[in-house]
Amino acid sequence: MEICRLLLFFAAISSIFRLIHATSGEDDPIYQACVGHCKKTGCVGEKCFQHCDFSSGENPIDGPWYLQEPLYQRWKQWDCLSDCRYHCMIAREEGRQKLGLQPIKYHRKWPFQRVYGIQEPVSVAFSVLNLAIQFHGWVSFFILVNYNLPFSAKKKPYYEYTGLWHIYAILSMNSWIWSAVSHSRDVELTEKLDYSSVVAFIGYSLLVAILRAFNVRDEASRVMIAAPIVAFVTTHILYLNFYQLDYGLNIKVCIAMTMLQFILWVVWAGFTRHPSRGKLWLVAAGGILSTIIKIYDFPPYMGYVDADALWHAFSIPLTYLWWSFVRDDSEFGTTTLIKKAK
């Protein structure tokens with residue numbers, strides 16, 4: 001019952017803020033007129049784009065090398081339409097700011113300031129930092145269980161969840177890689193890869209939480225528990241990629257799985273009196289707070305820092321603390337099993 005109340009609470013908050021930010025900038029007549037003019041002339045005000053140059057009658061991409069776009073722009077698919085939309089959005093927001101109006105979303109995205117062609121530079125930087133912290137946590141865990149802790153008679157780590165955490169690290173780093181790519185240039189492909197990798201990571205995190213909380217060691221039992229979770233996560237990913245990229249549904253699914261695993265970890269740590277339960281509780285509290293910030297979804301400050309960027313920033317210390325708990329748990333589990341063996 002408490003889990004249902006939590007999920008309903010977060011769903012209600014999400015619905016309220018979606019209503020608050022329901023205005024779409026692409027429906028603004030001034031913005032539409034600007035984009036239409038840019039598509040015909042290739043210019044927004046005094047700024048013109050070489051890939052919108054229709055005077056020569058040839059596509060610059062197929063033309064001489066000196067007319068072609070830089071490689072990083074071609075990779076990020078900054079074509080005529082996307083550049084027109086971006087500069088019209090910036091021009092329109094400057095006009096709205098002079099009138100004292102708040103920023104609004106254009107094509108589901110806040111008006112960010114690009115830096116060297118990167119769409120959301122702050123989120124990209126924090127994604128890369130999270131990737132580095134995840135890698136550091138994984139390496140430190142690997143060194144601990146393989147070189148600093150004793151092995152069993154079968155020449156394997158005593159800690160029976162070692163393999164699960166290795167897979168966890170790989171899926172986590174994969175999600176942060178695609179997060180950085182998607183925030184660099186948000187097109188349909190990068191967006192789907194980002195969402196899919198996040199769903200896979202959160203789903204697997206829920207599986208690890210269940211297996212560790214209920215101390216499931218038997219391989220057959222692990223497969224039986226994993227089967228419905230893998231089936232659900234796979235179905236959801238296929239739905240997003242091949243049927244409909246439903247952003248609202250995806251947020252609800254991710255929040256539900258995240259809150260469920262937080263509850264599992266917190267309750268388990270309290271009942272078992274785990275020596276590092278304080279770290280776990282801090283991670284859970286910080287995770288819930290960062291999730292609320294992400295749901296709030298406020299406009300980017302100075303065109304750079306929005307709720308998503310702050311959520312990425314919160315994840316950095318929480319990830320470091322999380323891997324510290326994983327290392328402590330491996331030491332605790334190893335010590336417990338050695339005592340039982342004696």
Side-chain angles (χ1 to χ4, degrees), residues 2-3 6 129-173 175-176 201-219 221-222 225-226 229 257-292 313-342:
E2 294 299 324
I3 296 175
L6 271 172
L129 284 174
N130 272 288
L131 174 62
I133 293 295
Q134 285 284 357
F135 181 73
H136 172 270
W138 179 38
V139 170
S140 62
F141 171 74
F142 181 87
I143 293 173
L144 176 66
V145 297
N146 287 282
Y147 297 99
N148 297 335
L149 294 178
F151 277 22
S152 66
K154 296 180 181 180
K155 296 184 179 181
K156 293 182 179 180
Y158 276 99
Y159 188 59
E160 297 174 324
Y161 304 94
T162 301
L164 294 176
W165 288 119
H166 288 330
I167 299 173
Y168 173 93
I170 292 170
L171 289 176
S172 176
M173 289 187 290
S175 70
W176 285 118
F201 169 62
I202 294 177
Y204 183 79
S205 301
L206 175 60
L207 174 61
V208 172
I210 295 173
L211 296 180
R212 183 65 186 96
F214 292 98
N215 200 26
V216 181
R217 300 179 181 179
D218 182 66
E219 289 297 328
S221 300
R222 288 185 175 185
I225 295 172
I229 297 176
M257 291 194 295
T258 301
M259 292 301 110
L260 182 56
Q261 63 179 287
F262 280 156
I263 293 169
L264 281 172
W265 283 117
V266 168
V267 173
W268 169 77
F271 273 106
T272 59
R273 308 294 294 175
H274 195 282
S276 296
R277 59 187 177 277
K279 294 180 181 180
L280 195 54
W281 289 342
L282 280 175
V283 171
I288 292 172
L289 177 60
S290 63
T291 301
I292 294 174
F314 265 96
S315 297
I316 296 172
L318 293 178
T319 299
Y320 182 84
L321 194 60
W322 176 251
W323 277 108
S324 176
F325 162 76
V326 173
R327 291 192 298 270
D328 291 347
D329 187 55
S330 64
E331 292 179 350
F332 174 70
T334 300
T335 303
T336 302
L337 288 174
I338 290 176
K339 287 180 179 179
K340 288 182 178 181
K342 292 180 179 179

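Owing to the predicted nature of the structure, the values given are computational and were not obtained by experimental measurement.
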Report the residues that fulfil side chain to side chain donor-acceptor pair (under 3.5 Å) with His166, sequence neighbours left out, ordered by chain and then residue number.
-> Trp138

Side-chain donor-acceptor contacts of residues 142-152 below 3.5 Å, not counting sequence neighbours, with atom names and distances?
{"residue": "Asn146", "atom": "ND2", "partner": "Phe142", "partner atom": "O", "Å": "2.9"}
{"residue": "Ser152", "atom": "OG", "partner": "Lys154", "partner atom": "N", "Å": "3.4"}
{"residue": "Ser152", "atom": "OG", "partner": "Lys156", "partner atom": "O", "Å": "3.0"}

Set of residues satisfying side-chain contact (heavy atoms from CB on, under 4.5 Å) with respect to Ile133, sequence neighbours excluded | Ile316, Thr319, Tyr320

Among all residues two or more places apart in sequence or in another chain, which pass the side-chain contact (heavy atoms from CB on, under 4.5 Å) test with Thr272?
-> Trp268, His274

Keeping the roles fixed (side chain from Tyr161, backbone from Ser330), state whether a donor-acceptor pair exists under 3.5 Å.
-> no

Residue pairs passing the salt bridge (Lys or Arg N to Asp or Glu O under 4.0 Å) test where at least one lies in residues 267-292, sequence neighbours excluded = Lys279-Asp328

For Phe314, all residues meeting ring-ring contact (aromatic ring centres under 6.0 Å, His included), sequence neighbours excluded = none

Partners passing side chain to side chain donor-acceptor pair (under 3.5 Å) against Trp165 (at least two apart in sequence or in another chain) | Tyr159

Residue set satisfying side-chain contact (heavy atoms from CB on, under 4.5 Å) with Ile202, at least two apart, ordered chain then number -> Val198, Cys254, Met257, Thr258, Gln261

Nearest heavy atoms of Gly287 and Ser290, plus distance in Å = O-OG, 2.9 Å

Heavy-atom nearest pair, Ala269 first then Leu280, reads CB-CD2, 3.6 Å

Distance in Å, Ile229 CD1 paired with Leu207 CG, rounded so as to fall on 0.5 Å steps = 4.5 Å

Specify the closest pair of heavy atoms between Tyr204 and Leu164, including all atoms of both residues, with the distance to one decimal.
-> OH-O, 2.8 Å

Between Leu264 and Phe214, the two heavy atoms sitting closest are CD2-CE1, 4.0 Å

Sorted by chain and number, sequence neighbours left out, side-chain contact (heavy atoms from CB on, under 4.5 Å) with Val283 holds for Leu321, Trp322

Once you round to the nearest 0.5 Å, how far does OG of Ser324 lie from CZ of Phe141?
-> 12.5 Å

Hey, could you give me the OG/CZ distance between Ser276 and Phe332, rounded to the nearest 0.5 Å?
-> 9.0 Å

Salt bridge (Lys or Arg N to Asp or Glu O under 4.0 Å) pairs touching residues 205-218, sequence neighbours excluded, are Glu160-Arg217, Arg212-Asp329

Taking all atoms of both residues into account, what is the closest heavy-atom pair of Trp281 and Val266, and its distance?
-> NE1-O, 3.3 Å

Would you please name every residue forming a side chain to side chain donor-acceptor pair (under 3.5 Å) with Ser175, sequence neighbours left out?
-> none

Nearest atoms (heavy-atom pairs only) where Val216 meets Ser221 | CG1-CB, 3.7 Å

Check the pair Phe325 / Trp265 against side-chain contact (heavy atoms from CB on, under 4.5 Å), numbers first and verdict last.
-> CA-CA 11 Å; Phe325 162 76; Trp265 283 117; 4.1 Å; yes

